[in-house]
Every structure is written in structure tokens, then in C-alpha cells.
Amino acid sequence: MKYLRLKKAKEITSVLKSGKRLHEKTLTLVYFPSEATAMAVCVGKKFGGSVQRNRIKRLLREAFRGYLPLLTPCKVLLIPKKKEAYFYGEFSRDIGKLLEKERLIERRTG
RNA sequence: CGAGCGGACUACGCGGCCGCGGCGUGCGAAAGCACGGUGAGGAAAGUCCGGGCAUCGCAGGGCAGGACGCCUGAUAACGUCAGGUGAAGGCGACUUCAAGGAAAGUGCAACAGAAAUAGACAACCGCCCCGUCCUUAUGGGCAGGUGCGGAUAAGGUGGAAAGGCGAGGCAAGAGCUCACCGACGGGACGGUAACGCCCCGUGCCAUGUAAACCCCGUCCGAUGCAAGUUUGGGAUCUCUCCACAUAGGGUUGCCCGCCCGGGGAGAUCCGCGAAUAACGCUCGAGCCUAUCGGUGACGGUAGGCCUAGAUAAAUGGCCGCGCCAGACAGAACCCGGCUUACAGGUCCGUCUCGGAUC
RNA sequence: GGCCUUGUGGUCAAGCGGUUAAGACGGCGCCCUCUCACGGCGCAAUCCCGGGUUCGAUUCCCGGCAAGGUCA
């Protein structure tokens, strides 16, 4: 299951403007319904050097990938919150909570 | 055995499942799918130097500006490296050093101190003069002088005070004289050289600062892959700037020289991806092994290898084992260095010092 | 990725190698006043950090760190 990447500044700003924002402890999720699923992560300089930033991006992508087969198509923006340390488990749990809340995924039976 | 010194290397590993960026092959109209193989560092970092490469100048000169600075070598080049010299530090192995010139000139040296680059003052000594005391007198003592001469040793300071220390000498003193040390000049020898060492001579010939200006020597055109190349179209109209030349524009900060006849902005129509697409973009001063030359940096020869090329930007997640933890940190045109960050581990040495034993 | 700039009390800042490191706003304490304001006096600085040159460094040199600007 593949997903597209949100690349262009226009698209990202349009999602930021007209999308719906949801907050959890570790991150902010912005989404806007669409025909194809597309995702972008947003990690600024304040999160540290390139090693730190790359790590956060990878964790977010991996966590998002877990919910991909069950997802109704939409454009998604993931923005982490600054913390001492970052874990895959936390990101995955919070994304799951938010997506379930908005009924963007089918409730898993397991 | 303990404490060190110098050098080299490594940077979690293995297995399973899921996933990511290029590449190759196959299938497919395409999106894509399958398989194979590949995929971050010693610093990829800071951007501090040096190159390659590209564009501009048409590749000329001068000034200004900048960098470097013991010697010899290595190198494409360097502010780098190697070997040596000198100085400083350490018992030692060894380490550190922007290490030319202060008699080319200029500047600065607070406070303190009599005085800061050099004259004076106070103090010292002799002569002369005057006062006073002792003495018959000669002579002597004490205190002094707008006087003359000698002379810079001592003077609480200070980073620095006119070579140092000792002896002689003198009215008092002074390289005035002598020995030793230092400095300067000359010569012989060794070394490619920096320099070393020895001999002779000169009483000594001028504080520090050049990471102050500067002088001497060597080197430097500017801009940087967001460089730059290709596609990025065509037509019409309007406005505006400058000009027919001692002007204007371009050219490196300036001058000379050289080059140019137009430049800029907006609107409409066909067209439409314009922070875009492709190239640049990875085979290169490349890496590995052997061998030869060299003390070494490095170079020669032979054989083998192909080893990231992304562009909102690829290495991750989960599980198991090794003991549970595993540093600093992520390529963005490419190389050579320097500097800075860094958990742990491994290896080497006719290495050094101390202790014990034989 | 490249090229630049700047770091001085809480804030804005001056500072030609020798200063008690100016000044303004703000803060705190005291005086003045019945009280407040105004006014007066005083206090508060690791000169971003670490080395070096120098007798002496906020200033000069080297290396870090942080903040900011710029390119199409």
C-alpha cells in the first residue's frame, strides 16, 4: 500500500488553512479529505540537528504506515511536539487515537 | 607489577518479519509490480585554508587590499605534511612554538619612580670662596655656596634603569684594567641550508612592543553548483531611462586601458510546468594488494576493483540472542588538509620512569 | 548548500591597549512627603566561552558557541 507525499508549499499551506487540527500529547495532526492519501511530516530546526530530525521523521512515517491499510483517503500533516525523547510506541498510539476519533479508520478487531 | 609516552585501527554484531532511495532485468499502454544487487562518516560537522570545475572580464598595467614568514624537501596546491635547526617545558620516553627585520622610519609604554630612552635633580669626590670652632701659626674639624671641575656606582619604584658577577684601581668613581659568562665583528672547519663548533679581535656600540603602523621576501583577477548549460516561445501596444559624445553603460575597490549601440518596466492574445524539468552529478590528483626507491612525507611499476547520487530530500520499526547500556553524529559538485565533538574497545614499540624478583 | 554580520547590567546601547567599564529606560533600597508622583543618593556586569601576543586585552590574533541576515 503506497501513499503519496505532500511536497508543494501550496498544498501544505492549503491543508494548514482549511484542514482540521487535532492534538494529542506527542503531536498535532492536520487532515483534509481527498481522493488519494498523501502525507507530510513537519520537523523544524528547533528539534535539533539533522540526526535528531531524521529520527523523528522516520518514527512518524513508520507510525503512520501502520494505519495505512485501514485509512480513508485524505491529506495528512504530522507535526510533533518538542519533548525530551521520542518513541515509536507513543507516536503510534496517539495517531491511532486521533484517527479513530475522527472515524478515518475502521475500528480494528484485535 | 604500577605509572606514562608515541603510533595505528575500530565505531555494536548476528538472525527473522514488515518498510524506504537509486540502479539492472523482466512484465505492463501507463501508474506500477516482481526479482536481483546496492545504499552515509571519521569526523559526512565548523566553513578556517588550498585546488579542480564553471561563468564573467578578453585574460593588459599600476595603486590599494589580503594571506603567509627558521631551513631543506613532499605536493596539483596549501596557512598542510615530513625530516632537520633553534628556543621553552619535562627526571625521562617526548611535547609545544605566527620562530624574518627594533642601528630604515613613525607611534605607544598607564600607575609607580629622581629619571622611561635620556637630559636634568638630589646624593658622592676634588678645587675655590665664605662663616664658625680649636691652634701662636702651618694645619685640622663642622655647617654651607645661583661657583668650577670629575663622574654615573648606590637612590623605597617598575615588565624594562645603560652588559652580569668577582677582583684590582681611584680624591670619588666608571670596561678604567683583568678572569669567567654574555654581546658584537672577522676567520677556519662541518653541513645543500637553517645552524653548530673552534680561534682571533673589540671594552661593549643604543629597553620592550611589528597577533601597533611599517620594511623585506613569497603568493593572490572576481564570483561560487542557488556556479552554469538546455527548454522556458512568438506577435502587438504603452510607458520610461540614456545618447549622438571630454557623455552614458559594462568591466574588481580605485585609476589607466579595453569593449558596447541600445537598456528597463508593464499590458493583451495564442500558449501554459515556471520556487519547474533535464543536464551539471559522480571514474576520480580514486581505492585495494604486492614490490622497488627514499630516514620520512611521498613517488615509480605490476595486478585487481567500481564503491550513495537524493531534491519536503532515502538506512527505520518490531522480535530474539550476545549481560540490560552502546559515543559524537547524517552525503547535497568533487578532492587535499586544518580545527572542533566523541562512549567503549583492540593492537604495536631494540619506547620511558619507578618498584619487586632472578 | 554558499556568502556575510553581531554578541557589553533585565532592555537599548557607548567605549583609538592602561577608565572606578559611559549614558538612557526599567528594577531594588534609602531620603524627601501625611501618602503617591516628581526630585535626590546608592546598589546590581564572568564585557558569550577557551587559548595566545603584550608589563597589561572589553579592545589585537586563533579556535569554539549562540543569535540574525542574505541568494531564486
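Scope of the values below: all heavy atoms of this structure, side chains included, with no hydrogens, waters or symmetry mates. Numbers restart at 1 for each chain; the letters A, B, ... are given by sequence-line order, proteins then strands.
In this structure G16(B) sits in the anti conformation; its chi angle is more than 90° from 0. A162(B) takes the anti form, because its glycosidic angle lies more than 90° either side of 0. Nucleotide G23(C) carries an anti base; the chi torsion (O4'-C1'-N9-C4 or O4'-C1'-N1-C2) is more than 90° from 0. Anti is the conformation of U177(B), whose glycosidic angle sits further than 90° from 0. Annotated as anti: U117(B), whose O4'-C1'-N torsion sits more than 90° from 0.
At least one side-chain heavy atom of I95(A) sits under 4.5 Å from a side-chain heavy atom of L78(A). At a threshold of 4.5 Å between non-hydrogen side-chain atoms, the residues L29(A) and D94(A) do not count as touching. Side-chain contact check for L98(A) versus L27(A): some heavy-atom pair is nearer than 4.5 Å.
For the pair V51(A) and A40(A), both in contact range of RNA chain B, the more 5′-proximal nearest nucleotide belongs to A40(A).
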Letter by letter from the 5' end, nucleotides 314-320 of chain B scores (B base, S sugar-phosphate only, - none; protein heavy atoms under 4.0 Å) SSBS---
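C41(C) is paired with G29(C) under the criterion used here, namely a Watson-Crick or G-U wobble arrangement in which both key atom distances are under 3.5 Å. With a cut-off of 3.5 Å on both pairing distances, the Watson-Crick or G-U wobble partner of A109(B) is U207(B). Under the Watson-Crick or G-U wobble criterion, with both distances below 3.5 Å, C56(B) is paired with G221(B). With both pairing distances under 3.5 Å, A235(B) is matched to U268(B) as a Watson-Crick or G-U wobble pair. Look at A356(B): it lacks any Watson-Crick or wobble partner with both distances under 3.5 angstrom. The nucleotide U25(B) finds its pairing partner in A34(B), both defining distances of the Watson-Crick or G-U wobble pair being shorter than 3.5 Å. Across all strands shown, G86(B) forms a Watson-Crick or G-U wobble pair, both distances under 3.5 Å, with C97(B). Remark: G190(B) base-pairs with C195(B); criterion is Watson-Crick or G-U wobble with both hydrogen-bond distances under 3.5 Å.
Taking the C1' atom of each, A77(B) and G50(B) are spaced 6 Å apart, rounded to whole Å. Here the separation of G185(B) from C178(B), taken at their C1' atoms, is 22 Å to the nearest Å. Here, U177(B) and G139(B) have their P atoms 37 Å apart, quoted to the whole Å. Rounded to the nearest Å, the gap between the P atom of A74(B) and that of G300(B) is 13 Å. Comparing A116(B) with A110(B), their C1' atoms are spaced 12 Å from each other, to the whole Å. Using atom P as the reference point in both U53(C) and U11(C), the two lie 34 Å apart (nearest Å). Taking atom P in both C30(C) and C16(C), the straight-line distance is 39 Å, to the nearest Å. The same atom, P, is picked in G83(B) and in G61(B); the two are 41 Å apart, to the nearest Å.
Not one N or O on the side chain of K25(A) forms a donor-acceptor pair closer than 3.5 Å with the backbone of K81(A).
The CD atom of Q52(A) sits 11 Å away from the P atom of A327(B) (whole-angstrom rounding). Residue R53(A) contributes atom CZ, which lies 12 Å from atom C1' of A312(B) at whole-angstrom precision.
Note that CZ of F91(A) and OG1 of T26(A) are 5.5 Å apart. Values are rounded to the nearest 0.5 Å.
Transitive grouping of hydrophobic side chains (ILVMFWY, heavy atoms separated by less than 4.5 Å) keeps F87(A) and L59(A) in distinct clusters.
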Exercise. Let me see the working for T72(A) and C74(A) under side chain to side chain contact (heavy atoms under 4.5 Å, CB included), right down to the final yes or no.
Key: CA-CA 6 Å; T72(A) 44; C74(A) 60; 5.6 Å; no
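Under the 4.0 Å criterion applied to side-chain N and carboxylate O atoms, E62(A) and R65(A) are assigned as salt-bridge partners.
Listed by chain and number, the residues in a side chain to side chain donor-acceptor pair (under 3.5 Å) with Y31(A) are E102(A) (sequence neighbours excluded).
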